[in-house]
Undergrad: 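I'd like to ask you about the structure that follows.
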Amino acid sequence: MESLNTIELFCPCIKYISKTNISDFIPEAPVLQPVWDYLRMNHQDALRSPLFPVIISVSTYFILCLFYMTLDFLSTVSPALNRFRIHSEHPVKLQSILKAVQLTLFNHVVFVFPAAIAQWFWRPPLPLEAAAPTILEFTMGVLGCTILFDFQYYFWHMVHHKFRWLYVTFHAIHHEYYEPFCWVTQYMSVWELLSVGLWTTLDPIILQCHALTGYAFMVVNIWISVDDHSGYDFPWSLHNLIPFGLWGGSVKHDTHHLRPTTNFEPFFSHWDWLCGTSSDHNHSSAMTVQKRALYKY
């Protein structure tokens with residue numbers, strides 16, 4: 001009797017499911033469509049401008065660096081914050097910050113902005129599609145561009161370390177700092193800065209990404225680059241959240257500045273593993289203590 005009642009209870013549900021089309025649960029318009037419509041209708045000229053990628057990249061970079069620089073200043077008076085710095089015993093010096101900012105401003109004013117302005121004369125305005133990307137297209141596009149950029153920079157980076165002339169001429173300046181902090185991210189030669197900028201711009205085009213996806217990748221790319229150089233090892237840092245050591249993160253890149261023959265990969269870790277250039281240093285002293293305490297329970 002109980003079995004019969006159970007069947008009678010679920011019969012209406014089964015009939016409803018059998019008559020329902022799965023497409024009824026899928027939104028007709030992409031979730032990002034309202035956002036894209038607003039941007040396209042109100043800021044079309046800005047989105048199509050050759051200057052927009054530079055503006056969004058530079059503004060994102062300075063906002064993130066100012067955030068981490070504020071943490072650096074606060075860490076000098078807050079032991080609770082300072083313990084998450086990879087080199088907690090060595091505060092970031094104002095002289096080092098000014099030196100890095102000076103070169104960054106020089107490169108952008110003298111080389112990056114003139115190159116961007118020159119695009120007005122040869123690059124046609126960016127076409128804007130009416131439809132926004134789906135969440136899946138958006139996510140996979142950003143991930144795909146990140147993986148492609150990671151591959152490109154790994155081999156560029158490794159080659160510039162293996163050949164002394166390339167290292168001394170183009171890359172050694174970035175290694176003037178043995179303990180990186182946020183402003184060191186773009187403390188580099190013009191050749192390296194233009195190489196990185198070229199891949200960031202071209203990779204969404206190569207993968208035929210939507211314009212919104214391409215701009216999002218630029219922001220994400222700068223965010224994880226600054227985080228890699230931040231000098232912080234927080235519990236919520238990506239390398240502490242992504243399992244199996246697949247993400248490099250700030251600790252591994254800090255190790256690269258100390259031991260320049262290891263950890264050439266900017267974001268992930270698989271190329272370092274495959275090519276034998278990986279190091280075993282995955283956590284700072286602060287996170288090591290926390291993990292030991294966690295394993296006790």
Undergrad: Mind checking side chain to side chain contact (heavy atoms under 4.5 Å, CB included) for Ser278 and listing every partner two or more places apart, or none if nothing turns up?
TA: Lys252, Asn263, Asp272, Trp273
Undergrad: With Phe264, which residues qualify under ring-ring contact (aromatic ring centres under 6.0 Å, His included), at least two apart?
TA: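 Only His157, His161, His256 meet the ring-ring contact (aromatic ring centres under 6.0 Å, His included) criterion with Phe264.
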Undergrad: Under the ring-ring contact (aromatic ring centres under 6.0 Å, His included) rule, collect the residues that match up with Phe155, sequence neighbours excluded.
TA: Phe151, Trp271
Undergrad: Sorted by first residue and then second, give each side-chain hydrogen bond (donor to acceptor under 3.5 Å, both in side chains) pair with at least one member in residues 90-102; sequence neighbours left out.
TA: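 The answer is His90-Glu179, Lys99-Glu176.
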Undergrad: Give every residue pair that meets the side-chain hydrogen bond (donor to acceptor under 3.5 Å, both in side chains) criterion with at least one member in residues 212-224, sequence neighbours excluded.
TA: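 Checked against side-chain hydrogen bond (donor to acceptor under 3.5 Å, both in side chains) - neighbours excluded - the pairs reaching residues 212-224 are Thr200-Asn221.
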Undergrad: Checking Leu74 now: which residues fulfil side chain to side chain contact (heavy atoms under 4.5 Å, CB included) with it, not counting sequence neighbours?
TA: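 If we apply the side chain to side chain contact (heavy atoms under 4.5 Å, CB included) test to Leu74, skipping adjacent residues, the hits are Thr70, Leu81.
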Undergrad: Applying side chain to side chain contact (heavy atoms under 4.5 Å, CB included), name anything that partners Trp236, two or more places apart in sequence or on another chain.
TA: Phe234
Undergrad: I'd like to check the ring-ring contact (aromatic ring centres under 6.0 Å, His included) partners of His210; sequence neighbours left out, ordered by chain and number.
TA: Trp36
Undergrad: Taking only residues two or more places apart in sequence or in another chain, which ones pass side chain to side chain donor-acceptor pair (under 3.5 Å) with Glu192?
TA: Tyr153, His171
Undergrad: Taking side chain to side chain contact (heavy atoms under 4.5 Å, CB included) as the test, write out the residues that go with Ser250, two or more places apart.
TA: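 Testing Ser250 for side chain to side chain contact (heavy atoms under 4.5 Å, CB included), a comparison that skips the adjacent residues, returns Ile86, Ser230, His239.
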Undergrad: Taking only residues two or more places apart in sequence, or in another chain, which ones meet His43 in a ring-ring contact (aromatic ring centres under 6.0 Å, His included)?
TA: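 Checked His43 against ring-ring contact (aromatic ring centres under 6.0 Å, His included); matches are Tyr38.
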Undergrad: Please list all pairs meeting side-chain hydrogen bond (donor to acceptor under 3.5 Å, both in side chains) that have one or both residues in residues 141-150, counting only residues at least two apart or in different chains.
TA: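 Qualifying pairs, neighbours excluded: none.
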